[in-house]
Amino acid sequence: MPRVQTLKIRTPEGITFSLPLASPVSRFLAVTVDIACLHAASSLAISVFRAFGIVSLDLASGLWVVFEFVLQLGYAVVLEWLWRGQTLGKRLLGLRVMDAFGLRLQPSQVVIRNLLRAVDVLPLFYLVGGASCWLSRQGQRLGDLAANTIVVRHARFEEPNFNQLLSGKYNSLKAYPHLEARLQQRTSPQEAALALQALLRRDELRPEARMELFRELADHFKTLVPFPEEALEGLADEQYVRNVVEVLFHPRRMPRPV
C-alpha cells in the first residue's frame, strides 16, 4: 500500500485541511534524540543510587529497577501529554503526535502508544516499529495503529493580513491579558489553523453551515479558557472566533520602555 505524504481531513461543512505527515527518517532522528536524553538521565541517576548501595545493595538495585521503568515509560507519556504530543526529540525535529482524525489527543491514546513501544523496539532499535512505519499508509508504528494516532510535521504559520481578515472592531478579549496568555498557551497549532482557515474560507460555506461551524468553534474555545460574561456580551460566534484568531496570531505587543 503506497504511503501518503499528507493527511486530509474534511469537516462536515466541506472544508478540507491538510496535515503533513512525518517521514520515518525524521521520526528515527527524534527517537535518537529521546534515547540520548534518557541515557543522560540514567547516567545522572547512577551516582544517586550508588549512595543507596552503601546502605543496602538490594535496596539500591530495587530502586534502580523502579526508576528505570518509570523513566522509560513516563518520559514520553508525561511530555507528550504536557507538550501536546511532543517529546524533546519531537520538539527539536518539529514533529507532533495527534489523533488520526485531527481531534484532541487523549490521555488514553498517549498511554497506549507508549505501552506498545516495548513491542516496536523489538528485536533491536525499533526494527518492528520502523518496518511498520515504512509499510503503513500513514507512517504509523504499532503503537500509533493501536492508539489511532499519527505523527505530523509541526507546521509554522505565517501571520495573516489582519487588516483584511478582521473586522476592525474592538477586541474585548484583549482586556484580560492573563486570560489572553492562557488561551495562547492552551490552543494547539492545529486548533489555531482550523479557526484561521474557517475565517479565510467562510464565504465558501452555506449560511447554515457557516453558522454551525462558527458556533462549534466558539463553544470549543470557550471551554479552553472561560472569559468573563462582560467580555462576551453582544458577540456573535463568528466575531468571537475572529477575536480568538487575533489573540493567537497577533499577540499583544508590550510597549517599549522610554
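Along the sequence shown, residues are numbered consecutively beginning with 1.
- Residues Gln140 and Thr149 fail the side-chain proximity criterion, which asks for heavy atoms closer than 4.5 Å.
- The side-chain hydrogen bond (donor to acceptor under 3.5 Å, both in side chains) analysis of residues 36-46, with sequence neighbours excluded, yields the pairs Ser42-Glu68.
- Put simply, the side chain of Ser26 never gets that close to the backbone of Ala22: no donor and acceptor are under 3.5 Å apart.
- Pairing each heavy atom of Gly89 with each of Tyr75, the nearest pair is N-OH, 4.3 Å.
- Of the possible polar contacts, none joining the Ser136 side chain to the Cys133 backbone as a donor-acceptor pair under 3.5 Å is found.
- Using modelled atom types, one finds a donor on one side chain and an acceptor on the other under 3.5 Å when comparing Gln109 with Asp99.
- Between the CH2 atom in Trp81 and the CG atom in Leu105 there is a gap of 7.0 Å [rounded to 0.5 Å].
- Looking at residues two or more places apart in sequence or on another chain, you find a salt bridge (charged side-chain N to carboxylate O under 4.0 Å, His left out) between Glu238 and Arg202, Arg210, Arg242.
- Cluster membership for Tyr240 and Leu200, using ILVMFWY side-chain heavy atoms within less than 4.5 angstrom, is shared.
- Residue pairs meeting the ring-ring contact (aromatic ring centres under 6.0 Å, His included) criterion with at least one partner in residues 188-215, sequence neighbours excluded, do not occur; the list is empty.
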Determine whether Asp237 and Met211 satisfy the following criterion, side-chain contact (heavy atoms from CB on, under 4.5 Å), listing intermediate values before the conclusion. CA-CA 8 Å; Asp237 291 331; Met211 291 181 60; over 6 Å; no
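- No single ILVMFWY cluster, assembled from side-chain heavy atoms under 4.5 Å apart, contains both Val70 and Val65.
- The side chain to side chain donor-acceptor pair (under 3.5 Å) search around Ser188 returns Glu191, not counting sequence neighbours.
- If you chain together hydrophobic residues whose side chains sit under 4.5 Å apart, Leu92 and Leu95 fall into the same group.
- Nearest approach of Ala218 to Val241, heavy atoms of both residues: N-CG2, 3.9 Å.
- A 4.5 Å side-chain heavy-atom check between Leu21 and Thr6 finds every atom pair outside the cut-off.
- Geometrically, Lys222 does not engage Phe227 in a cation-pi contact defined by less than 6.0 Å to the ring centre and at most 45° from the axis.
- For Gln138, the side chain to side chain donor-acceptor pair (under 3.5 Å) criterion is met by no residue, not counting sequence neighbours.
- Contact between Glu80 and Thr87 at its shortest, heavy atoms only, is CG-CG2, 3.8 Å.
- The CZ atom of Arg186 sits 8.5 Å away from the CZ atom of Arg84 when rounded to the nearest 0.5 Å.
- Atom-to-atom distance recorded for Phe249:CZ and Leu196:CG is 4.5 Å, nearest 0.5 angstrom.
- Two residues are said to be in side-chain contact when any heavy atoms from C-beta on lie closer than 4.5 Å; Leu224 and Thr187 meet this criterion.
- Leu217 contributes atom CG, which lies 6.0 Å from atom CZ of Phe221 (distance to the nearest 0.5 angstrom).
- For Ser172, the side chain to side chain contact (heavy atoms under 4.5 Å, CB included) partners are Tyr170, Ala231, Leu235, Asn243, not counting sequence neighbours.
- In this structure a side-chain-to-backbone donor-acceptor pair under 3.5 Å is present from Arg96 to Trp83.
- To the nearest 0.5 Å, atoms CG (Leu179) and CG (Leu173) are separated by 9.0 Å.
- Leu44 meets the side chain to side chain contact (heavy atoms under 4.5 Å, CB included) test with no other residue; sequence neighbours excluded.
- Under the salt bridge (charged side-chain N to carboxylate O under 4.0 Å, His left out) criterion, no residue pair touches residues 37-46, with sequence neighbours excluded.
- In this structure Asp219 satisfies the side chain to side chain contact (heavy atoms under 4.5 Å, CB included) test together with Arg215, sequence neighbours excluded.
- With sequence neighbours left out, Glu230 forms a side chain to side chain contact (heavy atoms under 4.5 Å, CB included) with Tyr176, Pro228.
- Interatomic distance, Gln86 CD to Arg91 CZ, rounded to the nearest 0.5 Å: 5.0 Å.
- Screening residues 20-45 for salt bridge (charged side-chain N to carboxylate O under 4.0 Å, His left out), with sequence neighbours left out, gives Arg27-Asp144.
- Across every non-hydrogen atom of Leu248 and Ala192, the tightest pair is CD1-CB, 3.9 Å.
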Which side-chain N or O atoms in residues 115-128 pair as donor and acceptor under 3.5 Å with protein atoms at least two apart or in another chain?
{"residue": "Arg117", "atom": "NE", "partner": "Asn114", "partner atom": "OD1", "Å": "3.3"}
{"residue": "Arg117", "atom": "NH1", "partner": "Tyr126", "partner atom": "OH", "Å": "2.8"}
{"residue": "Arg117", "atom": "NH2", "partner": "Asn114", "partner atom": "OD1", "Å": "2.6"}
{"residue": "Asp120", "atom": "OD1", "partner": "Leu142", "partner atom": "N", "Å": "3.1"}
{"residue": "Asp120", "atom": "OD2", "partner": "Arg141", "partner atom": "NH1", "Å": "2.5"}
{"residue": "Asp120", "atom": "OD2", "partner": "Gly143", "partner atom": "N", "Å": "3.1"}

